[in-house]
Amino acid sequence: MKDNELLMIYGTDYKNMTKKILEKSELADRIWDKAIRKGCTAKEITIGIKPNLVSPSEASYGATTHPEIVAGIIEYLQEREYKNIVILEGSWVGDKTAEAVKVCGYDRLTAQYDVEFWDMQKDESHEMDCAGMKLQICNSVDKIDFLINVPVLKGHCQTKITCALKNMKGLIPNIEKRHFHKMGLHKPIAHLGIGIYQDFIVVDNICGDLDFEDGGNPVIMNRIITAADPVLCDTFVCEMLHYRKDEIPYLEMAEKLGVGCTDLKKARITEINHPDSWNADIPKERKIVALEDAVEEVESCSACYGYLIPALEKLRQEGILNRLHEKIAIGQGYRGKSGELGVGSCTCRFKHFIKGCPPTETEIYEFLKRYIDIKNEI
């Protein structure tokens with residue numbers, strides 16, 4: 001498989017689909033080449049598998065990587081005598097990786113295949129110069145010789161899409177995740193592509209939520225995609241979801257840094273199979289766009305903003321949102337400031353706010369519903 005190639009396979013037998021597409025992608029040859037360059041044997045090279053376990057929600061919800069795909073990767077590797085395999089990930093700020101591991105079935109997966117799980121929320125970190133931007137990266141990343149990224153293809157309420165490049169945020173400490181939002185997500189995401197090299201990408205395109213990164217509105221696509229270039233991969237995702245690549249600034253930023261290529265004309269896209277029954281009609285409209293007008297966001301963390309937007313969608317569905325006449329402040333930029341209506345502990349000086357770092361979607365929904373009811377009684 002060349003760096004400009006994207007392979008796709010369709011079906012519902014996720015584990016065996018994964019093994020088949022990895023064989024077609026010649027993953028073993030890519031690992032062997034890396035082992036030779038590092039002076040390792042197949043038994044010595046350490047292979048890391050990085051899924052998306054952003055929160056404790058089952059994969060069918062549209063936010064996390066299907067364990068069947070990771071099982072397929074592990075079986076493929078173990079059948080070829082690769083022994084040193086680990087799974088590593090850190091959930092977003094506000095949730096615990098350990099809980100996500102249990103809910104998402106990765107505790108059973110690691111036991112079945114006798115592989116370790118490294119919780120990046122418990123890992124130490126070090127500062128690294130990533131093409132002129134200093135970022136904190138988890139120490140365990142340096143222990144990996146070959147990194148397989150297994151992101152979920154889905155939407156994101158702040159960056160519009162999330163896939164290969166953004167999935168590396170799970171390998172930085174929580175304090176750096178907050179810092180990413182303070183800097184604005186796009187530039188640090190691009191520079192992180194220099195700090196953490198992805199050797200191979202297996203995209204979970206089974207049922208990602210195309211609006212919200214924490215799931216809830218899964219879109220069934222039953223597809224797995226493999227790639228070697230994370231920028232090319234994400235540019236393909238960008239086009240698929242009807243965005244222009246200039247609407248996702250980190251794509252061209254990463255290209256300029258040398259992380260990969262955004263030119264899809266140079267891509268070679270191959271479908272291993274394509275069932276006649278497959279239908280994925282992706283709507284051009286996004287729920288997030290209609291809800292953003294109710295929010296004034298400054299440097300908010302993904303979890304906090306990610307819980308607010310679905311809460312607003314629920315209010316909209318109930319016909320209540322149009323009765324909210326005040327903008328909702330959210331984000332680290334409101335620390336120490338005052339105002340009318342805020343969400344999260346950063347807005348603790350506001351007249352009306354809900355505490356939490358982050359508050360849950362249900363808590364936000366109930367808080368805003370009470371606020372709307374009270375204001376409309378006056």
Side-chain angles (χ1 to χ4, degrees), residues 9 11-23 25 27-28 31 42-43 45-92 95-123 138 140-141 143-154 163-164 167-171 198-209 213-215 218 222-226:
I9 191 169
T12 55
D13 184 354
Y14 306 140
K15 183 175 76 171
N16 286 318
M17 282 166 58
T18 301
K19 294 172 71 173
K20 184 174 182 179
I21 196 171
L22 294 183
E23 184 176 354
S25 302
L27 175 60
I31 297 172
K43 292 183 179 180
I45 191 168
T46 300
I47 301 172
I49 301 173
K50 199 287 181 192
N52 185 322
L53 301 182
V54 61
S55 60
S57 61
E58 294 182 0
S60 60
Y61 201 62
T64 57
T65 302
H66 282 73
E68 299 96 324
I69 293 178
V70 175
I73 295 172
I74 295 171
E75 284 193 12
Y76 172 90
L77 295 172
Q78 290 182 340
E79 287 168 2
R80 287 157 181 80
E81 298 188 356
Y82 290 105
K83 306 296 183 182
N84 294 335
I85 304 167
V86 300
I87 304 172
L88 64 167
E89 167 66 322
S91 297
W92 67 0
D95 279 310
K96 294 185 182 299
T97 312
E99 185 178 352
V101 167
K102 292 179 181 178
V103 173
C104 299
Y106 281 74
D107 54 344
R108 299 183 292 278
L109 188 72
T110 54
Q112 179 181 351
Y113 292 102
D114 191 26
V115 299
E116 292 185 57
F117 189 101
W118 295 351
D119 184 348
M120 295 298 96
Q121 287 185 333
K122 298 178 180 179
D123 201 27
C138 292
S140 292
V141 174
K143 301 175 184 177
I144 302 300
D145 298 310
F146 192 97
L147 181 61
I148 302 174
N149 187 14
V150 197
V152 178
L153 191 162
K154 55 184 178 175
C163 196
N167 198 41
M168 291 296 98
K169 269 190 72 188
L171 302 182
Q198 306 175 37
D199 291 281
F200 194 73
I201 305 149
V202 182
V203 179
D204 180 341
N205 188 204
I206 303 301
C207 64
D209 186 328
E213 63 270 31
D214 62 329
N222 285 331
R223 178 169 62 179
I224 296 171
I225 305 168
T226 56

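Just so you know, these numbers come straight off a predicted model, no measurement behind them.
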Find out whether [X] and [Y] are in side-chain contact, i.e. whether some heavy atom of one side chain is under 4.5 Å from a heavy atom of the other.
X	Y	answer
Val152	Val54	no
Ile49	Val202	no
Thr64	Ser57	yes
Gln78	Val115	yes
Met120	Glu89	no
Glu75	Tyr113	yes

Which value, rounded to the nearest 0.5 Å, describes the distance between [X] atom [atom1] and [Y] atom [atom2]?
X	Y	atom1	atom2	result
Ile206	Thr12	CD1	OG1	9.0 Å
Ser91	Leu53	OG	CG	6.0 Å
Ile224	Ser25	CD1	OG	10.5 Å
Asp204	Lys154	CG	NZ	9.5 Å
Ile69	Asn205	CD1	CG	9.0 Å
Met168	Asn149	CE	CG	3.5 Å

Quiz item: Do the side-chain N and O atoms of Ser140 and Asp123 include a donor-acceptor pair separated by under 3.5 angstrom?
Solution: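 The criterion, which ignores hydrogens and geometry beyond distance, is satisfied for Asp123 and Ser140.
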
Return a table of donor-acceptor pairs under 3.5 angstrom between the side chains of residues 101-110 and protein atoms on other chains or two or more places apart.
from: Tyr106; atom 1: OH; to: Thr65; atom 2: O; distance (Å): 2.9
from: Thr110; atom 1: OG1; to: Tyr106; atom 2: O; distance (Å): 3.1
from: Thr110; atom 1: OG1; to: Asp107; atom 2: O; distance (Å): 3.0

Quiz item: Does CD in Glu79 sit with more than 12 non-hydrogen atoms of other residues, nucleotides or ligands closer than 6.0 Å?
Solution: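 Counting other residues, nucleotides and ligands, CD of Glu79 exceeds 12 neighbours.
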
